[in-house]
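So the structure is just underneath, and the comments pick up after that.
Whatever order the structure lists ligands and atoms in, that order sets their numbers, starting from 1. All values derive from a computational prediction rather than experimental measurement.
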Amino acid sequence: MKVLVINSGSSSLKYQLIDMETESVIAKGNCERIGIDGSKLTHKAKGMEVVVEQDMPNHNVAVGLVLKALTDKKSGVIDSMQDIDAVGHRVVASGEAFKKPTLVTDEAMVLMEEIKDLAPLHNPAAIVGVNACRDAMPNTPMVLVFDTGFHFTMPKHAYMYAIDYKHYDQYKIRRYGAHGTSHKFVSQEAAKYLGKKPEELKIVTCHLGNGSSITAVDGGKCVDTSMGFTPLAGVPMGTRSGDIDYAAAEYLAKKEGMDVSEMLTYLNKKCGMAGISGVSSDFRDLTAAADQGNDRAQLALDMFAYSCKKYVGAYAAAMNGVDCIVFTAGVGENTQCVRSAICENMQYLGLEIDEEKNAEKNNGQIRDITGKNSKVKVLIIPTNEELVIARETVELL
Ligand code: ADP
């Protein structure tokens with residue numbers, strides 16, 4: 001069975017065609033700058049990379065180009081679109097409208113329209129992507145897979161905000177979390193690696209990238225996660241503030257003459273590592289600057305690690321212990337000093353890492369960096385959100 005996974009962003013569309021018999025990637029690529037000048041498609045298959053520079057005014061055109069690349073005589077990997085057995089679509093926000101992967105139907109798409117303002121940059125793009133695929137492949141079954149899906153096992157005391165209950169009832173304002181497919185994948189991979197069943201383990205998964213979230217996985221189920229109603233909450237990130245006292249935001253808004261939406265743009269785009277360091281949101285730039293003695297880059301890194309450390313401690317408390325900590329995503333997989341700083345002074349948990357193993361280069365494989373005397377396993381596991389989406393698509397169908 002061949003599953004096409006589509007991840008539509010506001011101006012991008014990433015895809016992977018996965019052979020589910022072997023769970024291997026047959027082709028993958030990315031359409032960039034959709035609706036903007038200079039759009040291009042980068043397609044990788046059969047060991048080659050093809051770049052198509054062509055105007056893509058919308059996602060319909062992008063989907064058309066993707067299908068053309070997949071069926072192209074030279075770079076193609078399938079004879080026709082009929083060879084695609086199913087399509088899995090990544091969707092960022094579900095609200096309480098979708099608690100599980102859901103088959104794409106007219107009714108499901110009406111619901112998708114109703115919840116699109118939960119993620120105003122991402123969900124509308126996903127709708128456009130789904131519709132474009134439906135137009136191109138009207139008879140192919142499609143599934144919506146939500147980033148929030150893995151987090152629906154959180155107990156109510158963990159996902160509720162302490163606001164007037166009627167506002168939860170009326171608007172479903174609560175913690176939903178994000179990166180669910182990644183947390184699910186790496187927690188399952190950790191159990192496999194450790195030769196245990198997920199039910200036997202308490203795991204803290206740290207998805208640390210440009211956006212970062214930390215999740216407590218008890219017995220294979222999410223019991224808490226650091227992101228909230230939106231991905232703005234939790235640890236500070238590339239450009240997002242993470243948790244902040246709302247009264248401070250109001251104080252600043254008044255001083256700078258910002259309205260609510262300007263304040264949210266500020267908190268999402270101008271804060272975090274970029275705001276603190278004044279250097280960059282990118283951890284490669286931050287570590288390089290800190291190594292050259294830039295105090296604010298070092299401060300940003302220290303704040304990030306400290307915040308992650310606090311979540312690890314909080315989730316160990318929530319689960320009455322922790323057997324394994326997993327690092328994943330761009331920063332989690334590649335940034336040695338961040339892992340060191342998060343794991344230092346964790347003797348109270350019986351946690352210690354092996355700094356030599358931690359210093360080894362990312363080889364795209366699972367790496368065990370557990371220290372000799374550590375009671376807690378520490379693993380680096382490359383994430384694979386596309387594979388989870390493809391698996392969930394197959395499972396539902
Ligand atoms: P997102 O998917 O949230 O956009 P990623 O998971 O791709 O983010 O992570 C991006 C971050 O990972 C950047 O801050 C980048 O600096 C950091 N990073 C550090 N080392 C590497 C590396 N070798 N390759 C890719 N990203 C890296």
Side-chain angles (χ1 to χ4, degrees), residues 5-16 28-30 32 42 90-93 119 121-122 125-126 147-148 177-186 189 205-215 225-227 230-242 268-292 294 296-298 300-305 307-308 326-342 358-365 367 369 380-389:
V5 175
I6 297 280
N7 179 355
S8 301
S10 50
S11 64
S12 69
L13 187 146
K14 294 189 196 132
Y15 63 94
Q16 281 193 10
K28 65 177 182 180
N30 186 13
E32 293 167 80
T42 310
R90 175 194 177 207
V91 186
V92 168
L121 290 181
H122 294 92
D147 276 11
T148 41
H179 298 138
T181 46
S182 176
H183 290 292
K184 180 175 184 178
F185 179 77
V186 297
E189 288 294 297
T205 49
C206 304
H207 177 111
L208 312 179
N210 191 31
S212 297
S213 65
I214 301 185
T215 294
T225 192
S226 61
M227 283 180 168
T230 75
L232 179 56
V235 300
M237 307 173 215
T239 60
R240 293 182 207 138
S241 64
N268 272 301
K269 301 251 162 95
K270 304 263 182 238
C271 294
M273 302 295 101
I276 291 295
S277 69
V279 172
S280 170
S281 62
D282 192 296
F283 278 70
R284 285 167 285 201
D285 301 338
L286 290 171
T287 46
D291 286 346
Q292 284 167 10
N294 185 312
R296 275 174 50 192
Q298 186 61 53
L301 290 168
D302 292 346
M303 287 171 68
F304 181 74
S307 179
C308 293
V326 180
F327 290 104
T328 193
V331 176
E333 290 169 38
N334 296 297
T335 314
Q336 175 199 349
C337 67
V338 166
R339 291 188 301 257
S340 289
I342 294 172
N358 187 35
E360 283 167 17
K361 253 184 124 34
N362 183 6
N363 57 4
Q365 306 290 320
R367 288 188 288 151
I369 59 167
I380 302 168
I381 303 185
T383 194
N384 193 339
E385 293 168 272
E386 288 76 13
L387 182 56
V388 177
I389 294 170

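- In this view, Phe327 satisfies the ring-ring contact (aromatic ring centres under 6.0 Å, His included) rule with no residue, not counting sequence neighbours.
- For the pair Glu32 (side chain) and Thr42 (backbone), a donor-acceptor distance under 3.5 Å is absent.
- The closest protein non-hydrogen atom to atom 11 (C) of ligand 1 is Val331 CG2, 3.7 Å.
- Atom 25 (C) of ligand 1 has its closest protein heavy atom at Arg284 NH1, 3.5 Å.
- Within the 4.5 Å cutoff, the side chain of Thr328 has no heavy atoms near those of the Cys206 side chain.
- Applying the 4.0 Å criterion to heavy atoms of Asn210 picks out, from ligand 1, the atoms 1 (P), 3 (O), 4 (O), 5 (P), 8 (O), 9 (O), 10 (C).
- With respect to atom 20 (N) of ligand 1, the closest heavy atom belonging to the protein is Asn334 CB, 3.1 Å.
- At least one N or O atom of Phe283 sits closer than 3.5 Å to an N or O atom of ligand 1.
- By the salt bridge (Lys or Arg N to Asp or Glu O under 4.0 Å) test, Arg367 pairs with no residue at all, sequence neighbours left out.
- The distance criterion of under 3.5 Å between nitrogen or oxygen atoms is met by Gly330 with respect to ligand 1.
- Taking the six-membered ring where tryptophan is involved, the planes of His179 and His207 are essentially parallel, since the angle between them stays under 30° and well short of 60°.
- Within ligand 1, counting atoms from 1 as listed, the ones closer than 4.0 Å to a heavy atom of Gly211 are 3 (O).
- For ligand 1, the atoms closer than 4.0 angstrom to any heavy atom of Thr335 are 19 (C).
- At distances below 3.5 Å, at least one donor-acceptor pair connects side-chain atoms of Thr287 with backbone N or O atoms of Arg284.
- A side-chain hydrogen bond (donor to acceptor under 3.5 Å, both in side chains) with His183 holds for exactly one of Asp147, Thr383, Thr205; it is Thr205.
- Residue Asp282 holds the heavy atom nearest to atom 13 (C) of ligand 1 of all those in Asp285, Thr328, Asp282, Leu208.
- Counting only heavy atoms, the protein gets under 4.0 Å from atom 3 (O) of ligand 1.
- Residue contact check for ligand 1: Gly238 places no non-hydrogen atom closer than 4.0 Å to it.
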